[in-house]
Amino acid sequence: MHSYKPGDIETKWQKYWLENKTFETPTDTSKPKYYVLDMFPYPSGAGLHVGHPEGYTATDIIARYKRMNGFNVLHPIGWDAFGLPAEQYAVKTGTHPRTTTEKNINKFREQLQAIGFSYDWDREVNTTDPDYYKWTQWIFLKLYEKGLAYEDEVAVNWCPELGTVLANEEVVDGKSEVGGFPVVQKPMRQWMLKITEYAEQLLEELEELDWSESLKEMQRNWIGKSIGAEINFEVSGYDEQIKVFTTRPDTIFGATYMVLAPEHHLVDSISTDEQKEAVEAYKDEAAKKSDLDRQELSKEKTGVFTGAYAINPANGEKIPVWIADYVLASYGTGAIMAVPGQDERDWEFAEKFDLPIIRTVQPDEDFEGKAYTGEGPAINSGFLNGLNIVEAKKKTIEWLEEKGVGTKSVNYKLRDWLFSRQRYWGEPFPIIHVDGEPKPLPESELPVRLPEVDKYEPTGTGEPPLANAKDWVETTDPETGKKAIRETNTMPQWAGSCWYYLRYISPDFDGGPVDPDYENYWMPVDLYIGGAEHAVLHLLYARFWHKVLYDLGLVSTNEPFQKLVNQGMILGEMEYTNAEGEKLSDEQVEKKGDDFVLKGTDTKVEARAHKMSKSRGNVINPDHIIDEYGADSLRLYEMFMGPLEQVKPWSTKGVEGVNRFLNRVWRLLVDEDTGKIHSKVKDVEAQKKHLKPLHEAIKKVTEDIEGLRFNTAISALMIFVNEANGWDVVPESVAKKFVKILNPFAPHITEELWRLLGHEETLAYKGWPEFNEEYLKEDAITYPVQINGKVRANISVPAEKAKDKDYVLAMAKEEEKVAKYMADGNLVKEIFVPGRIVNLVVK
RNA sequence: GCCAAAGUGGCGGAAUUGGUAGACGCGAUGGAUUCAAAAUCCAUUGAGCUUCAACGCUCGUGUGGGUUCGAGUCCCACCUUUGGUACCA
């Protein structure tokens, strides 16, 4: 028997591709290029899960399709291999993270190769390789030289359990994203990157990118641009001013009090003696609060009066100055003018502390709420009265500027990027401290390698693990010979992934991060696919670095990723659970109305698919799927499940379905007794009945690949095979074209079939078939005939008469059933849509 | 709360610019093959009504309205789910 045996075929071709370097990236730059990139994985100990191959199969299909269309394709993979898990494992077991990482990478590589991805394996990059992080450090030096990297004493998210500082995005609900440990605020010396300097560009240049609107919107929200004014308020009795930022300068007449963040620099100097004690107590309280506390207590506003008064420049009124933690030190100027009439937070605060409220915008008549934030004419606002918000804003700003007490201003939510971590397993900074001042190392000192250490824990005082490596820390300044101390922080995991797409272009280049000649050819990335979890951070950070490199003249494009798609998460199998959370089998459950119920009862049952997780026990291991059904089936199923970007539940039954399809393909072309090409595959001229389904498939598959609609492309391939299975003879030319268009989806079986069809060379570079509209034409067109919008009959019209309105309408009216309906009333309207439909309106 | 996306059979999902809703696959039912099973092949499969049967009819794309000869698709209001965000002045 020579039935379809994916195991044999797949290992054979994977070996062939590797040995022959089939997917080596071409180095000639004469042909059009296509750079198709995957988000490289963190090689975890758990190995690949079924989520990885989803995006990877999509890009692989594109890569293979583009090669067959004559493009030079760059399709690389690598490892984002710095990271906390390997370090935590090292803390526990003493195993060097390098050892763990290497082992995991080998496992990942093996798994990826077993799925038949057409990566150029000579271009792997590994962020933990000194030859790679040399250039990460080099880019950091450039950032430093440009003044974009600086040290600062900042309140950071300190996680005592992990012994490290976390970035805001690594803190979820006041706990560490990894491990769920409590996080507190602690001031520490840290490296920062001035991403805020690029805020406007990062926002503006989103426009030209071919990214989903929702993704762009997420980045816009993260950057959080707001336009308004800065206004100075004199403090009564002091030679001080409080500067505030507001998006609603038009409401200034309603500013009845002011609030400073507890950390504001003027708090101490303006507090009166009577209030000093209360102010100090409040400050202490606020400082102790963790993020979690601030959020939990956020429902109830708190604050303390400083005893000081400011002068509202609009009307000269004395207004009290308070401190409250609902005003953030890190946004705007750390102080606000409170306008309770038009701001919900201020209203709440004013109500609680009995502060005056003045409306300065006339609410709609039926408005019943408290603070009014909608449109309306200005009231109680002196010279602004009657103006709408936009006009009033403009006029206020003009007035402020004239008086010299304020100016138009723009603010961003985006903060500078906290760029250091107290960890071992990360890139060391190319920085030494001489006489207490930071100093960059010269390029010739790169890479600064990670030292060997005995233990991987932080010192406990917050000193990073590298501080334990005394011999390494204590060094000399190569320029002056002075004693120096190395920086012991390391870079965050994001660093390596900020520029890896450039390294693939020239992985061995030693004159810089990327060879300019090839950079110019390959950039930008034409298609980038990865998980939505990186929608904001990785993509924002990478864009930032890229723009810096662009400004330095090191890259030729201002944006790295032209088109970007997020694949949707794959959930576990659909599960039915009762109120107690116990799993039920399909047989125990039925649908009743809108709900699922326990069979024969009214007891509702929850029916849904859950995120895959070890604790739930619903994790699907791709290795098992490959063992059972083969890599081609895995690939095909992952693409057939549904639209790439959508979240969708896994179904192993579905894998069986596509596996059956591949079996049908095999039996269509191979004689299972001999293992040779089936005798019904003949070198004869193809007829219309063969060519029509074939070209329909070619057309649909081509268009759907271009549009990343792989699920419907596969459906078209299935339709062709269902049709072809009914043929007595399969023309060889038709068989070959079909094998070609199936190839990007199921590369192993198609290589094998191509070989059986008598070819020695790989199919990977054979031309993609073109479809011919001629073959798609129908001999006869079927028109549905509607009476008052309901289909009552179908008529068949010869193709050459199909566009002839009079002819088609006449045909329609002759139809017996149609005539019957027409007899019941008068024909008032005839609608004829060529090639589509006939509708007769009868009354 | 705010922002964004999405609601279609038992399930995953199809459906050009508004033009026959349910392609393709899973599951299910019946049949063929088999000593039997697996595999394979054939047929049926949105719900309901009528009929000996064929034909036919009614309803049906989250809910309620609207526009149109015609709405899954467009407009208005609402409900639900998912993702993001969270005192950002």
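In what follows, every chain begins at residue 1, and chains take the letters A, B, ... in the order their sequences are listed. Everything numeric in this text was worked out from a predicted model, so none of it was measured.
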Considering all heavy atoms, the nearest A:Ala812-A:Val838 contact: CB-CG1, 4.3 Å
Ring-ring centroid check A:Phe832 A:Tyr783, cutoff 6.0 Å: yes
Selection residues 825-839 of chain A - residue pairs positive for salt bridge (charged side-chain N to carboxylate O under 4.0 Å, His left out), sequence neighbours left out: A:Lys813-A:Glu830
Gap between atom CD1 of A:Ile357 and atom CD of A:Glu351 - 0.5 Å precision: 6.0 Å
Distance-minimising heavy-atom pair for A:Ile795 and A:Met811: CD1-CB, 3.9 Å
Which residue lies more 5' along RNA chain B, comparing A:Val841 with A:Arg667 via nearest heavy atoms: A:Arg667
What are the atom names and distances for every N/O pair under 3.5 Å that joins the protein to nucleotides 58-62 of chain B?
from, atom 1, to, atom 2, distance (Å)
B:U58, OP2, A:Arg792, NH1, 3.3
B:C59, OP2, A:Lys790, NZ, 3.1

C1' atoms of B:U20 and B:A32, separation to the nearest Å: 34 Å
d(CH2, A:Trp727; P, B:C41) in whole Å: 17 Å
Any donor-acceptor N or O pair under 3.5 Å, side chains A:Thr302, A:Tyr282: yes
Same-atom distance (P) from B:C76 to B:U67, integer angstrom: 15 Å
Span that lies between the P atom of B:U29 and that of B:G66, in whole angstrom: 44 Å
Upstream residue (5' side of RNA chain B) when A:Phe596 and A:Asp343 are each assigned their closest nucleotide: A:Phe596
A:Arg660 CZ to A:Tyr4 OH distance, which is reported to the nearest 0.5 Å: 14.0 Å
Nearest-nucleotide pick for A:Val327, side chain only, options being B:U85, B:A89, B:C69: B:A89
C1' spacing across the pair B:G60 / B:G48, given as an integer number of angstrom: 10 Å
Annotated protein contacts, base or backbone, on nucleotides 12-34 of chain B with a non-hydrogen cut-off under 4.0 Å, one of B, S, - each: BSS-BB-BB--BBSSS-------
P gap between B:U63 and B:C11, integer Å: 15 Å
Ring centers of A:Tyr637, A:Tyr629 separated by less than 6.0 Å: no
Between B:C57 and B:A43 - C1' atom distance, rounded Å: 25 Å
For B:G72, glycosidic torsion class - syn if within 90° of 0, otherwise anti: anti
Nearest-angstrom distance, C1' atom, B:U8 to B:A15: 10 Å
Pairing residues for A:Tyr576 by the ring-ring contact (aromatic ring centres under 6.0 Å, His included) criterion, not counting sequence neighbours: A:Phe596
Sugar-phosphate only, base, or nothing, as touched by A:Ser3 at under 4.0 Å among non-hydrogen atoms: nothing
Taking every non-hydrogen atom, the tightest pair across A:Val361 and A:Gly374: CG1-O, 3.9 Å
Salt bridge (Lys or Arg N to Asp or Glu O under 4.0 Å) partner of A:Glu696, chosen from A:Lys699, A:Lys700, A:Lys692: A:Lys692
Partner of A:Phe233 by side-chain contact (heavy atoms from CB on, under 4.5 Å), out of A:Gln241, A:Lys243, A:Met337: A:Met337
Salt bridge present between A:Arg220 and A:Glu207 (N-O < 4.0 angstrom): yes
Watson-Crick or G-U stems of RNA chain B, 3 or more pairs, under 3.5 Å, by first number: B:1-7 with B:79-85, B:10-12 with B:24-26, B:27-32 with B:40-45, B:46-49 with B:56-59, B:62-66 with B:74-78
Give me, pair by pair, the N or O atoms of the protein and of nucleotides 42-50 of chain B that are less than 3.5 Å apart, along with how far apart they are.
none

Salt bridge flag under 4.0 Å for residues A:Lys370 and A:Glu348: no
Between B:C24 and B:G62 - C1' atom distance, rounded Å: 25 Å
